[in-house]
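Everything on this sheet refers to the single structure shown next.
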Amino acid sequence: MSGQSLHTMGQQHGRRSWAEPWKIKMVEPLKMTTREERVSALEEAGYNTFLLRSDDVYIDLLTDSGTSAMSDRQWAGMMLGDEAYAGSRNFYRLEAAVQRFYGYRHILPTHQGRGAEHLISQTLITTGDHVPGNMYFTTTRLHQELAGATFHDVIIDEAHDPLSQHPFKGDVDLVKVQQLIDEVGAERIPYLSLAGTVNMAGGQPVSMANVRELRALCDANGIRLMLDATRMVENALFIQEREEGYAHTPIAEILLEFCSYTDGAWMSAKKDNLVNIGGWLAVNDRELFDELRNLVVVYEGLHTYGGLAGRDMEALAIGIEESVSDEHVRSRVGQVRYLGELLQEWDVPIVEPIGGHAIFLDARRFYPHLEQDLFPAQTLAAALYLDSGIRSMERGIASAGRNAQTGDHNRPKLELTRLTVPRRVYTQAHMDVVAESVKACFDARAEARGLEMVYEPRYLRFFQARFSPL
Ligand code: PLI
């Protein structure tokens, strides 16, 4: 049925459909639940989708992190694990893959992205420093703050407007960076923290023109430019589609060029790189690398495994190569777009343009009658779970935490509920079911009353907070 509708849409819009460049070899049965079971599961979870048991979830769109399906080649690679404590051959395969596809010189494995964020923040930041970035990410900003820095959002204003059609809403506003330099002095800015794509803005990309300009600005002021490469492969697709001169450049070449303007990167390999666990940190500066390599043994493990098993590093090395294939990236982002376009057809408010890894429902427009302090995005995530057992994630006031100085809620302009699509896991029919459930919640929107937070952890509160319905 979905094939039929896609075919019809293809004719209407004069577009050629894509299909997944893989076929399914093994399946994992899904559990359906009754509404009563979901009511009791949600109450037990304190209305927080992070606290649900995955056995009580039907289609899991909580995150695209560590939830991808590995290929037969990656699974075969798992059998080639060299579990030596030191000098595992799989480390050298991983090192070569990062060098080849991302272009950095020195590489350290870490257990996942935040392990790398911790190392780079502790090494580069001194108490009282300032770190500008293109919108915050939860773990990234927290590690910068724990190392003693103040984070400054320097993304372009359009990123905070869910309806702005700017093609590169992840771009940094160079005027904002210059203002920060003038205010605090370049010597108090250890690095600029650049993420491609920008998760909290809706999976929005950074242009090649912007990273080139940033390189020049950073050079002029002696500031490092560090990349969060977590979804940089998806960013490369947007450059191919939208930026002049790149329409015929392969994703792999775009990725290499983009990274070449930066001094290093941290990576949550659980996203783009198609593994269930893993991360890495890469830099070009040998002296900096020596410091990082010393610190990794304190927190992660020896520098040739960094908290990963040999087999994990092998799967990761293979995943990196698979992740930069044009067919793969097109079908991955294409599936996200398919879901988003269905919702747009039904006038469900979402962040536009449609981003790389997820559809972000705009909870402010979804529930215009709910104040932000009533957690509209969390309320929507709960409603969606109750309707169909689909799990989504709040990306609004709960995720934004509290201001480190004043203790008040951070109140982000964007109040979003994220439908995050794992890579190579769900079919188009699943996307139809998701869209129909969102539509049912939209039709029942007037009934939503909001939530109250009844338990709030100190760090990254969204993971473990509990709510109760009003
Ligand atoms: O979850 P980690 O520790 O492997 O990675 C942290 C991390 C860093 N940067 C970015 C842009 C992320 O999106 C990210 C993790 N994201 C999660 C878990 C997510 O659900 O989006």
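Both counts, for ligands and for their atoms, begin at 1 and track the order of listing. For the numbers below, each heavy atom of this structure counts, side chains included, while hydrogens, waters and symmetry mates do not.
Under the 4.0 Å criterion applied to side-chain N and carboxylate O atoms, Lys31 and Asp56 are assigned as salt-bridge partners. Ion pair Glu321/Arg100 flagged as a salt bridge, since at least one NZ, NE, NH1 or NH2 atom sits closer than 4.0 Å to an Asp/Glu carboxylate oxygen. A salt bridge does not link Lys271 to Glu234: none of the charged nitrogens lies less than 4.0 Å from a carboxylate oxygen.
Against a heavy-atom cut-off of under 4.0 Å, Arg114 is close to the following atoms of ligand 1: 1 (O), 2 (P), 3 (O), 5 (O). Which parts of ligand 1 touch Thr63 is read off a 4.0 Å heavy-atom cut-off, strictly below it: atoms 19 (C), 20 (O).
By heavy-atom distance, the residue among Met232, Arg418, Gln112 lying nearest atom 21 (O) of ligand 1 is Arg418.
When only non-hydrogen protein atoms are considered, atom 7 (C) of ligand 1 lies nearest to Phe137 CE2, 3.5 Å. What sits closest to atom 8 (C) of ligand 1 on the protein, heavy atoms only, is Glu117 OE2, 3.1 Å. Ranking protein heavy atoms by distance to atom 15 (C) of ligand 1, first place goes to Lys271 NZ, 2.6 Å. If you check which protein heavy atom lies closest to atom 10 (C) of ligand 1, you get Asp228 OD2, 3.4 Å. The nearest protein atom to atom 4 (O) of ligand 1, hydrogens excluded, is given as Ser268 OG, 2.7 Å; this is a heavy-atom distance.
Cation-pi contact between Arg141 and Tyr136: present, with separation from the ring centre below 6.0 Å and deviation from the ring axis of at most 45°. A cation-pi arrangement is not found for Arg461 relative to Tyr455, the charged atom failing to lie both closer than 6.0 Å to the ring centre and inside a 45° cone about the ring normal.
Using a 4.0 Å heavy-atom cutoff, Met393 is listed among the residues neighbouring ligand 1.
The shortest N or O to N or O distance between Arg231 and ligand 1 is below 3.5 Å. The N/O atoms of Gly113, backbone and side chain alike, include one that comes under 3.5 Å of an N/O atom in ligand 1. Not one N or O of Lys270 is nearer than 3.5 Å to an N or O of ligand 1, by distance alone. The N/O atoms of Arg395, backbone and side chain alike, include none that comes under 3.5 Å of an N/O atom in ligand 1. Between Thr139 and ligand 1, no N or O atom pair is found at a separation short of 3.5 Å.
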Could you walk me through whether Phe238 and Phe168 satisfy the ring-ring contact (aromatic ring centres under 6.0 Å, His included) test, starting with their C-alpha distance in whole Å, then the side-chain angles of each, then the deciding distance to 0.1 Å, before giving a yes or no?
CA-CA 8 Å; Phe238 290 109; Phe168 291 101; 7.9 Å; no
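Arg114 pairs in a side chain to side chain contact (heavy atoms under 4.5 Å, CB included) with only one of the listed residues (Leu119, Thr139, Leu142), which is Thr139. Each of Tyr102, Trp266, Tyr305 was scored for a ring-ring contact (aromatic ring centres under 6.0 Å, His included) with Trp280, with one residue passing: Tyr102.
Side-chain polar atoms of Arg418 and Asn199 form a donor-acceptor pair below 3.5 angstrom.
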